[in-house]
Amino acid sequence: MSSVEGTTMEVRKREKRPPSFADFIVQFRWIYVVPVVLPFSFLFYQYKSWQLTIQRLLHGTPNEQSHLENIKKVQKRIRERKPGSDGLICTARPAWLGVALRNSEHKRAARFEVELGHLSSIVWIDKEKLLMKVEPMVCMSQVSHETLKLGLAPAVLPELDDLTVGGVINGYGIEGSSHIYGLFAETCTAFEVVLADGTVVRCTKDNEYSDLFKAIPWSHGSLGLLVGVEFKLIPVKEYMRVTFTPVHGDLKKIAQVYTDSFCPRDLDQDNPQKVPDFVEGIVYTKNTAVITTGRYATKAEAKSKGNKINALGNWYKPWFHIHAEQALKNGEFVEYVPIRQYYHRHTRSLYWEGGLIVPFGNNPLFRFFLGWLMPPKVSILKMTQNDAIRNYYIQRHACQDLLVPQHKVAESLELCHDVFETYPVWLCPHRLFKMRCGTMLDAEKDYEKNKQPGDTDYAQMWTDVGVWGVPGPVLRQEVWDGVEATKSMERWLRENNSYQCLYAVVEQTEEEFWQMFDPTLYTAMRKKYGAEGAFMSVYYKISNTKKTPEAIEKDKNL
């Protein structure tokens with residue numbers, strides 16, 4: 001029996017719906033994706049790679065001086081704004097270039113755009129201090145490419161190549177190492193921010209701008225424009241020793257096996273002998289899952305007799321989630337994966353969304369002859385979609401992340417089955433550090449008085465439950481309302497002191513939104529640093545509602 005409103009976990013009978021033209025377009029989009037989107041995506045990636053090389057040849061290696069010149073362009077543009085007549089400030093990045101699937105209504109309203117595209121350089125890497133400084137448009141593939149040459153990597157490196165540093169700070173950045181280090185933003189040591197008056201400030205956790213430093217994560221550029229980031233690096237080895245563990249049972253058992261894989265029951269959470277370096281779970285059905293854990297390994301260890309090396313990132317190899325699923329048939333197995341290929345293991349297939357875009361994408365023949373063209377660039381896919389197709393995805397496609405305390409993972413999985421019935425489901429743990437200063441996200445109140453496995457005095461263990469794909473009712477040609485499903489999920493999250501990831505479609509009202517998130521520090525920083533009436537507020541930017549003149553005027557006063 002599910003705990004969600006007393007419903008069962010059996011397949012619910014729903015009214016059948018007639019097929020639509022949008023169904024046809026989405027089902028057969030591979031007809032234009034393969035010959036058009038994939039080649040253009042490949043050429044775009046090549047262009048970006050060569051662009052960086054050419055820039056270095058023409059202008060030299062980026063440094064603090066070139067970085068300061070880039071910031072001055074942002075300051076100059078902001079100071080050109082006329083507060084009485086110009087719109088609210090936002091970046092000039094086109095909506096289609098973002099990874100988020102929502103309609104980005106704030107980009108359609110009156111606005112004052114500031115270009116940040118030139119802020120795409122790695123400024124420096126300090127091997128001794130284990131720190132790295134980059135500009136916000138630097139993407140994860142750039143970061144891993146440069147750091148791994150030195151035997152280093154970010155403590156948290158979100159998997160998808162196209163995710164930018166600014167995006168994973170202002171939005172959401174998680175990886176399989178987050179159960180140790182937290183979200184990407186929590187590994188940062190300094191932010192450079194241009195305020196509404198054009199002033200640039202450097203914020204750290206203990207300088208005069210420490211309050212702004214704590215408020216930047218999840219603010220979506222509504223406090224100021226992020227123009228520089230410093231974050232921690234860790235020494236890494238050449239390979240990841242990956243263990244694929246199958247789970248057969250109900251969702252409660254899956255949640256328990258997943259928790260036990262990285263949360264010692266004796267609460268010895270900081271013991272590296274008991275806690276692996278990486279963890280993720282892939283729930284394939286309501287009765288099956290594979291839990292993968294990883295530990296860094298040297299080249300010598302990987303090449304020891306009897307060990308299996310799998311370069312699973314090669315274009316002709318099966319997609320990672322398909323490969324991991326073999327554990328359900330063959331039992332637990334262990335492989336050694338080259339470290340960069342492991343970090344970006346979900347990029348080629350965009351987790352499992354790639355199979356919806358190119359249904360035969362994992363076919364051995366396609367992988368061998370055309371697999372090198374994968375993945376399609378999300379922004380180019382979005383550019384080919386009109387409002388009707390985007391609305392189709394909101395109505396008949398699930399793309400949400402639930403952030404829940406670890407002890408509520410089983411309940412959240414039951415909720416997702418009842419509301420979405422979408423598989424696979426991604427599980428990724430992360431520490432939520434105890435702040436107690438009014439940040440938008442914080443650990444549950446008084447959790448430390450009754451610690452659960454995974455918790456410590458300074459942080460509570462949480463999990464990201466990622467639901468991405470076509471819901472079961474849609475596959476069965478049944479009536480399913482994506483808006484109502486999202487509202488049901490949001491309501492459950494509010495009632496269970498949990499959070500919704502803001503890259504996704506948000507259906508909450510503004511009042512409901514601030515019931516979920518703590519506005520205390522955020523509101524104070526909007527007022528203190530002059531963001532009110534200058535920058536769009538976070539709810540205004542992420543909500544799915546049309547930006548009417550009334551909404552714009554209201555946001556100016558927030």
Side-chain angles (χ1 to χ4, degrees), residues 132 139-163 168 173-181 183-184 187 232-246 258 261-262 272 275-282 289-304 307-327 332-354 362 367 371-372 374-375 424 426-430 464 466:
M132 182 175 191
C139 63
M140 294 299 118
S141 61
Q142 287 176 260
V143 171
S144 63
H145 182 265
E146 295 300 321
T147 57
L148 288 175
K149 296 176 183 177
L150 306 173
L152 304 172
V156 175
L157 181 70
E159 293 95 341
L160 299 184
D161 287 8
D162 280 354
L163 296 175
V168 299
I174 192 172
E175 168 55 302
S177 60
S178 290
H179 65 295
I180 299 173
Y181 302 104
L183 301 179
F184 181 90
T187 71
K232 298 175 185 177
L233 302 175
I234 59 172
V236 297
K237 300 173 183 177
E238 301 92 338
Y239 284 82
M240 186 69 71
R241 182 183 187 274
V242 186
T243 302
F244 300 82
T245 303
Y258 161 71
S261 70
F262 65 98
V275 180
D277 297 312
F278 274 73
V279 179
E280 73 174 327
I282 303 176
V290 173
I291 312 301
T292 62
T293 56
R295 290 185 178 274
Y296 290 109
T298 64
K299 182 185 292 186
E301 180 185 346
K303 293 189 174 182
S304 296
N307 289 342
K308 180 182 179 181
I309 293 177
N310 183 7
L312 52 78
N314 292 345
W315 82 87
Y316 51 84
K317 291 278 191 172
W319 293 344
F320 181 79
H321 69 283
I322 299 293
H323 176 64
E325 192 175 12
Q326 297 305 305
E332 183 174 285
F333 62 95
V334 176
E335 292 179 339
Y336 290 79
V337 180
I339 190 62
R340 190 162 190 259
Q341 294 192 4
Y342 182 77
Y343 279 145
H344 298 287
R345 61 198 177 278
H346 290 298
T347 288
R348 192 156 45 95
S349 61
L350 298 175
Y351 288 90
W352 26 93
E353 292 278 12
N362 195 56
R367 291 200 314 264
W372 50 276
M374 293 289 284
W426 191 57
L427 300 177
C428 186
H430 70 90
D464 172 353

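The model shown is predicted, which means the values in this text are computed figures rather than measured ones. We use all heavy atoms of the structure for the numbers below, so side chains are in, but hydrogens, waters and symmetry mates are not.
Under the 4.5 Å side-chain criterion, counting only non-hydrogen atoms from C-beta, Asn362 is not in contact with Ser349. Met140 is listed as a side-chain neighbour of Val168, based on a closest heavy-atom distance under 4.5 Å. Inter-residue side-chain proximity for Phe244 and Val334 is flagged as unmet; no heavy-atom pair is nearer than 4.5 Å. With a 4.5 Å cut-off on side-chain heavy atoms, Cys428 and Trp426 count as touching. Between Leu160 and Tyr351, some side-chain heavy-atom pair lies under the 4.5 Å cut-off. Between Leu152 and Ile234 the shortest side-chain heavy-atom distance does not fall below 4.5 Å.
Between the CG atom in Leu183 and the NE2 atom in His430 there is a gap of 5.0 Å [rounded to 0.5 Å]. Going from atom OH of Tyr181 over to atom OG1 of Thr187 covers 10.0 Å, rounded to the nearest 0.5 Å. Here Asp161 contributes atom CG and Arg348 contributes atom CZ; the two are 11.5 Å apart, rounded to the nearest 0.5 Å. Considering CG of Leu233 and OG1 of Thr147, their distance stands at 6.5 Å, rounded to 0.5 Å. In this structure, Asp277 CG and Phe262 CZ are separated by 14.0 Å, a value rounded to the nearest 0.5 Å. In this structure, Arg241 CZ and Tyr296 OH are separated by 15.5 Å, a value rounded to the nearest 0.5 Å.
The two residues Val156 and Gly173 come nearest to each other via the heavy atoms CG1-O, 4.4 Å. Of all heavy-atom pairs between Arg367 and Tyr316, the closest is NE-O, 3.0 Å. In terms of heavy-atom proximity, Leu148 sits nearest to Ala153 at CD2-CB, 4.1 Å. In terms of heavy-atom proximity, Glu332 sits nearest to Thr245 at OE1-OG1, 2.8 Å. Taking both residues in full, the closest heavy atoms of Tyr239 and Thr298 are given as CD1-O, 4.2 Å, listed atom of the first, atom of the second, then distance. For Ser144 against Leu157, the heavy-atom pair with the smallest separation is CB-CD2, 3.7 Å.
Remark: of the listed residues Pro158, Cys139, Ser141, Pro158 is the sole one forming a side-chain contact (heavy atoms from CB on, under 4.5 Å) with Leu163.
Outside the 6.0 Å centre-distance limit, the rings of His179 and Phe278 are not counted as a close aromatic pair. You'll find the ring centres of Phe320 and His344 outside the 6.0 Å limit.
Among residues two or more places apart in sequence or in another chain, the side chain to side chain donor-acceptor pair (under 3.5 Å) test is passed with Lys237 by none. Glu335 meets the salt bridge (charged side-chain N to carboxylate O under 4.0 Å, His left out) test with Lys308; sequence neighbours excluded.
When atom types are taken as modelled, the side chain of Asn307 and the backbone of Glu301 share a donor-acceptor pair closer than 3.5 angstrom. With hydrogens and angles ignored, the 3.5 Å screen pairs a side-chain donor or acceptor of Glu238 with a backbone N or O of Lys299. In this structure, the side chain of Ser304 engages the main chain of Ala300 through a donor-acceptor pair within 3.5 Å. No side-chain donor-acceptor contact under 3.5 Å links Thr293 to the backbone of Pro276. In terms of modelled atom types and a separation under 3.5 Å, the side chain of Thr347 and the main chain of Glu159 share a donor-acceptor contact. For Asn310 (side chain) and Val337 (main-chain N/O), no donor-acceptor pair under 3.5 Å exists by modelled atom type. Formation of a donor-acceptor pair under 3.5 Å by the Ser178 side chain with backbone atoms of Ile174 is not found in this model.
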**Study point:** Audit row: Trp352, Ile322, side-chain contact (heavy atoms from CB on, under 4.5 Å) steps and yes/no
**Key:** CA-CA 9 Å; Trp352 26 93; Ile322 299 293; over 6 Å; no

Point to revise | Step-by-step side-chain hydrogen bond (donor to acceptor under 3.5 Å, both in side chains) determination, Gln341 to Asn314 | key: CA-CA 8 Å; Gln341 294 192 4; Asn314 292 345; 3.3 Å; yes

**Study point:** Evaluation steps, salt bridge (charged side-chain N to carboxylate O under 4.0 Å, His left out), between Glu175 and Arg345
**Key:** CA-CA 11 Å; Glu175 168 55 302; Arg345 61 198 177 278; 3.3 Å; yes

Practice item. Decide side-chain hydrogen bond (donor to acceptor under 3.5 Å, both in side chains) for His346 and Glu353; before the verdict, give the C-alpha distance in whole Å, the side-chain angles of both, and the deciding distance to 0.1 Å. Key: CA-CA 10 Å; His346 290 298; Glu353 292 278 12; over 6 Å; no

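More than 12 non-hydrogen atoms from other residues, nucleotides or ligands lie less than 6.0 angstrom from NZ of Lys317.
Taking the ring centre of Tyr343 as origin, the terminal cationic atom of Arg340 falls outside the region bounded by 6.0 Å and 45° from the ring axis.
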